[in-house]
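Worksheet: the structure to be examined is printed underneath.
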Amino acid sequence: MAAPTDFQTQLFLNNKYVDAKSKETLSLVNPFNGEPISAAVQVAGQEDIDLAVSYAQVAFKSGPWSTYTGAQRAVYLNKLADLIDANAHKLAALDSLCMGAPIAVAENFVVPQAAVAFRYYAGLADKIEGDSFAAEDGTYRIVRHEPLGVCAGIAPWNVPMIYVGWKIAPALAAGNTAIFKASESSPLATLYLGKLVIEAGFPPGVIQFVNGGGKTGALLASHMGIAKISFTGSTSVGKIVQKLATESNMKKVTLELGGKSAALVFEDANIPNAVAGTADGFLLNSGQMCLATSRLLVQESIATPFIEAVKARFLEAASKLGSDPLSPTTTYGPMANKAQFDRVLSYINIGKEGGALAIGGASNGNNGLFIEPTIFVNPDKNSRIYKEEIFGPVLCILTFKTEEEALELANDTNTGLSAGLYTSDLNRALRVSAKLESGNVAINSLHLPAVNVPFGGWKESGSGQELGRYGFQSYLKMKSVHIK
Amino acid sequence: MAEYQTNLFINNEYVPSSTGETFEVYNPTDDSLVTSAVQVASDKDVDSAVAAAKSAFKTWRKTTSSQRAEMMIRFADLLEKHIDEIVKLDTICMGAPVHLAKWLVARHASDFRYYAGMIDKIAGETYPENGDGYFKMVNYEPMGVVAGIAAWNATQLFVGWKIAPAVAAGNTVVFKSSEKSPLSVLYQGALFKEAGFPPGVINLLSGAANTGSRMASHMDIARISFTGSVNTGRQIQIAAAKSNLKLVTLELGGKSASVVFNDAHIDNAVKHNCQGFLANSAQACAAGSRILVQEDIATEFIEKLKTAYIQITSSVGDPALASTFMGPVVDKAQFSRVMEYIDGAKKEGTEVLVGGGRQGAKGQFIQPTILLNPDRHSRVYTEEIFGPVVMVKTFKTEEEAIEMANDTVFGLSATLYTRDVTRAMRVSSQLEAGTVTVNSGPVALQQTPWGGWGQSGYGREGGIHGMMEYLQTKTVNINMNAPDN
């Protein structure tokens with residue numbers, strides 16, 4: 001299809017698209033063909049963020065939103081869900097244009113998941129429950145759960161629309177107001193949502209969109225008027241967000257960071273299923289997923305044929321390289337931007353020096369930022385390609401003899417976001433999943449977050465969680481009231 | 001005579017009774033015949049409905065949360081679209097004033113939305129294997145075919161309470177309206193179908209005691225939820241036990257107290273004990289029919305209450321008019337019942353402060369009535385009247401008030417009026433009722449469970465408890481020490 005050409009480029013504040021006071025703009029590039037996207041998206045500076053926060057505070061404290069019942073809030077959340085679904089194609093195209101996701105995936109999975117999140121949390125808006133205790137000692141005690149205030153969300157570029165759902169829906173369901181910043185690489189779909197926010201009927205200041213990169217993000221993380229920030233992105237930037245949040249007003253922080261997740265394939269696994277999960281599943285979004293199982297650990301007894309099967313899937317994907325993400329038949333896209341492309345290639349070069357390259361390893365296509373699906377077999381466990389998150393289509397494969405060895409290998413990382421486990425044995429499935437040091441474990445499939453269970457990382461993969469009721473609780477604060 | 005939907009709604013189709021038996025419904029506003037064609041669900045019809053529900057359950061329990069939620073929300077939208085027709089049907093059958101009937105339909109729609117949002121929020125529990133070697137899960141699963149039997153006084157509330165959480169939880173439903181207000185329920189069959197509920201998921205029957213009895217004793221119904229009189233509730237419980245030990249929820253009557261302390265805001269207390277009490281001609285299970293007022297303010301309170309009752313009598317009239325506050329009672333039988341209580345009180349020498357007789361010349365209208373200080377053992381003080389008759393007694397101390405309030409076999413609701421925060425907490429913790437309301441008449445709010453203590457029944461409707469009743473736990477224990485193959 002033809003690339004979309006009409007874009008929102010301003011800030012969306014208080015239900016209006018307005019010019020930023022800062023004069024900076026973002027330069028967006030289509031990663032498929034290297035061409036600039038003619039959208040001079042305006043960057044929010046200090047004044048703009050101050051304005052957004054003051055609008056959000058008014059909306060929270062005294063605007064109509066502050067008077068709505070949970071059931072009323074739910075009506076608006078459900079309306080926005082419907083509008084997102086109705087505009088899925090347009091939103092998917094805008095994301096696809098900016099960061100190269102195949103539009104079929106964006107439109108049929110990523111964008112609808114945002115609507116799913118809005119509907120899920122709409123159902124919780126009128127179900128906020130505190131506690132009540134009888135007076136054993138003459139004092140009655142109750143616990144109230146109350147909203148936080150202004151909540152900020154910062155999203156990365158890899159599945160942009162999902163974060164709109166994940167970070168805004170629970171905040172609003174709990175009665176907060178939200179300021180959201182998409183990645184500087186992929187702001188267009190998010191900005192378009194302003195129109196839908198108005199159409200859904202939200203009062204001004206309840207949902208606002210600001211644009212920018214690290215500087216704008218830092219303004220949000222340090223703002224004295226923001227009660228909570230939820231950040232998804234790299235571990236190194238996550239640590240900065242945490243520091244800024246603490247040093248300013250100790251705002252609450254939720255971090256969803258990187259991973260170097262392992263998939264364990266045991267000899268009793270259903271092999272075709274395991275290949276699909278660890279090969280095709282890994283290549284989802286060209287490997288640009290925080291939960292990607294970029295370390296494949298295969299039991300020795302089945303390793304040789306298994307690795308051949310994985311290679312075959314990678315070669316199959318490679319054969320389709322180079323097609324336009326905006327085409328509905330494209331399944332494999334480029335890296336989202338030049339910086340990421342360079343990063344991945346530099347890791348590949350490090351890996352090549354280590355001598356473990358099995359297939360792939362090259363960029364492909366003269367214009368697009370495509371990288372071949374790449375496999376390193378038995379890389380040095382101390383090498384950077386094995387230890388550090390690459391966030392691209394680069395898979396490291398190791399073998400193991402015993403279950404104990406597999407667990408040791410899998411857990412030998414300072415990350416803990418996801419894990420995959422392929423086995424047909426009941427006890428092994430439960431036993432090993434219990435021992436994996438990871439916030440999420442998927443047994444016998446690719447791990448895809450589900451809206452009803454928390455998604456969060458262990459160790460340096462993050463703090464706190466999103467989704468489910470646990471994710472909802474993080475947008476509320478407790479107050480114990482003792483009545484004598 | 002207008003065309004009303006009078007057929008049974010089974011398996012997404014409207015069908016006549018298998019025996020052709022019908023019953024009549026009269027409009028209590030003017031005693032005119034509404035229809036004589038309402039179909040009676042025979043034993044065979046009940047069996048068909050249950051069979052349809054049983055078959056539908058196999059697939060319904062597997063539909064996803066979002067699929068079920070979508071249908072429920074669509075149904076809520078349809079209810080709102082058809083609100084005027086539904087209101088009219090309840091008004092002509094049982095005399096509910098239009099403004100109240102509208103509120104009940106809105107509440108019914110919001111209950112469907114509320115439970116739609118709850119479907120994927122109910123988590124089971126898991127327990128690690130440390131210690132006993134078993135990985136343990138506790139899952140909540142639907143029960144199968146469940147039944148609901150409604151009273152006539154707030155029909156839409158019962159449709160919402162008995163169907164929404166049941167289908168949200170994955171069950172299928174057979175629901176019987178009261179024979180005094182069947183039409184508004186049968187009408188909704190088409191709306192359930194239009195909302196996309198598959199055939200058999202929701203079935204709507206009309207009929208009287210025989211139909212209810214067949215449902216209570218049906219071997220394939222897993223739970224029955226009944227709202228109505230204590231006597232019928234008892235029979236349902238017995239039939240349930242004698243058949244398949246189906247679970248039972250009973251929402252029965254009450255003789256609730258309304259306790260007014262010296263520090264109450266008197267005008268507020270008067271307002272709720274007048275309009276609050278008299279809404280729906282006081283045909284409410286939770287009606288605060290025993291007002292207990294503290295001595296120091298009794299004279300002023302009683303004087304103001306009397307004035308309020310006299311004043312409100314002028315807005316008793318045709319329930320179809322927006323200006324009417326209070327309509328008739330539901331039918332001739334109820335009218336006679338209420339008058340019998342009043343006459344009995346008069347014979348015992350109880351003072352009638354206001355009202356005490358028929359209102360107007362036609363229709364089943366009773367005057368808003370206040371009885372002063374009936375004997376604590378009299379029928380009028382101990383039995384549920386279910387009509388616009390309130391009685392007032394005084395008390396000296398808080399302890400006396402609590403003792404008097406709790407001096408009843410019932411325990412559905414209690415209200416108290418005070419500004420003292422600690423008294424509010426203290427007294428509410430000692431009143432023996434399922435719902436205690438401070439500084440207003442009783443309210444059944446969406447997020448909280450509603451149900452009785454004592455002979456007011458057991459089980460709960462509304463809130464998350466209302467949905468948990470339609471789920472049963474299944475504990476799954478997995479032996480983690482089983483040897484490898």
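All chains are named by letter (A, B, ...) in the order of the sequence lines, taking the proteins before the strands, and each is independently numbered beginning at 1. As a basis for the values below, the full set of heavy atoms in this structure was taken, side chains included, without hydrogen atoms, waters or symmetry mates.
- Both the backbone and the side chain of L124(A) come within contact range of chain B, each with at least one heavy atom under 4.5 Å from a heavy atom of that chain.
- A distance-only check finds a donor-acceptor pair linking the side chain of N427(A) to the backbone of N479(B) [under 3.5 Å].
- Within the model, atoms OH of Y134(B) and CG of L430(A) stand 13.5 Å from one another, a figure rounded to the nearest 0.5 Å.
- Among R426(B), M425(B), Q446(B), E129(B), the residue with the largest count of heavy-atom pairs under 4.5 Å with chain A is M425(B).
- The number of heavy atoms from other shown groups lying within 6.0 Å of NZ (K435(A)) does not exceed 12.
- For chain A, the nearby part of I464(B) is the side chain; its heavy atoms alone come within less than 4.5 Å.
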Candidate pair Y120(A) and K121(B), rule side-chain contact (heavy atoms from CB on, under 4.5 Å), full reasoning = CA-CA 8 Å; Y120(A) 177 86; K121(B) 312 297 188 303; 3.5 Å; yes
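- The parts of Y114(B) that come within reach of chain A are both its backbone and its side chain, each placing non-hydrogen atoms under 4.5 angstrom from that chain.
- Going from atom CG of N452(A) over to atom OG of S65(B) covers 7.0 Å, rounded to the nearest 0.5 Å.
- Atom CD of E408(A) has 12 or fewer heavy atoms from other residues, nucleotides or ligands within 6.0 Å.
- For S66(B), no part sits under 4.5 Å from any heavy atom of chain A, backbone or side chain.
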T422(B)/K484(A) under side-chain contact (heavy atoms from CB on, under 4.5 Å): CA gap, chis, key distance, verdict = CA-CA 6 Å; T422(B) 320; K484(A) 193 153 175 70; 5.9 Å; no
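- Open room surrounds NE2 on H465(B); 12 or fewer heavy atoms of other groups in view lie less than 6.0 Å from it.
- Residues of residues 127-139 of chain A lying under 4.5 angstrom from chain B, judged on non-hydrogen atoms, are K127(A), E129(A) in numerical order.
- Using a 4.5 Å cut-off between heavy atoms, A482(B) contacts chain A through both its backbone and its side chain.
- I478(B) CD1 to R431(A) CZ: the interatomic distance, rounded to the nearest 0.5 Å, is 12.5 Å.
- Rounded to the nearest 0.5 angstrom, R119(A) CZ and D120(B) CG are separated by 12.0 Å.
- Around OH of Y68(A), the count of heavy atoms belonging to other residues, nucleotides or ligands within 6.0 Å exceeds 12.
- Within 6.0 Å of atom NZ in K136(B), more than 12 heavy atoms from other residues, nucleotides or ligands are found, so the atom counts as buried in its surroundings.
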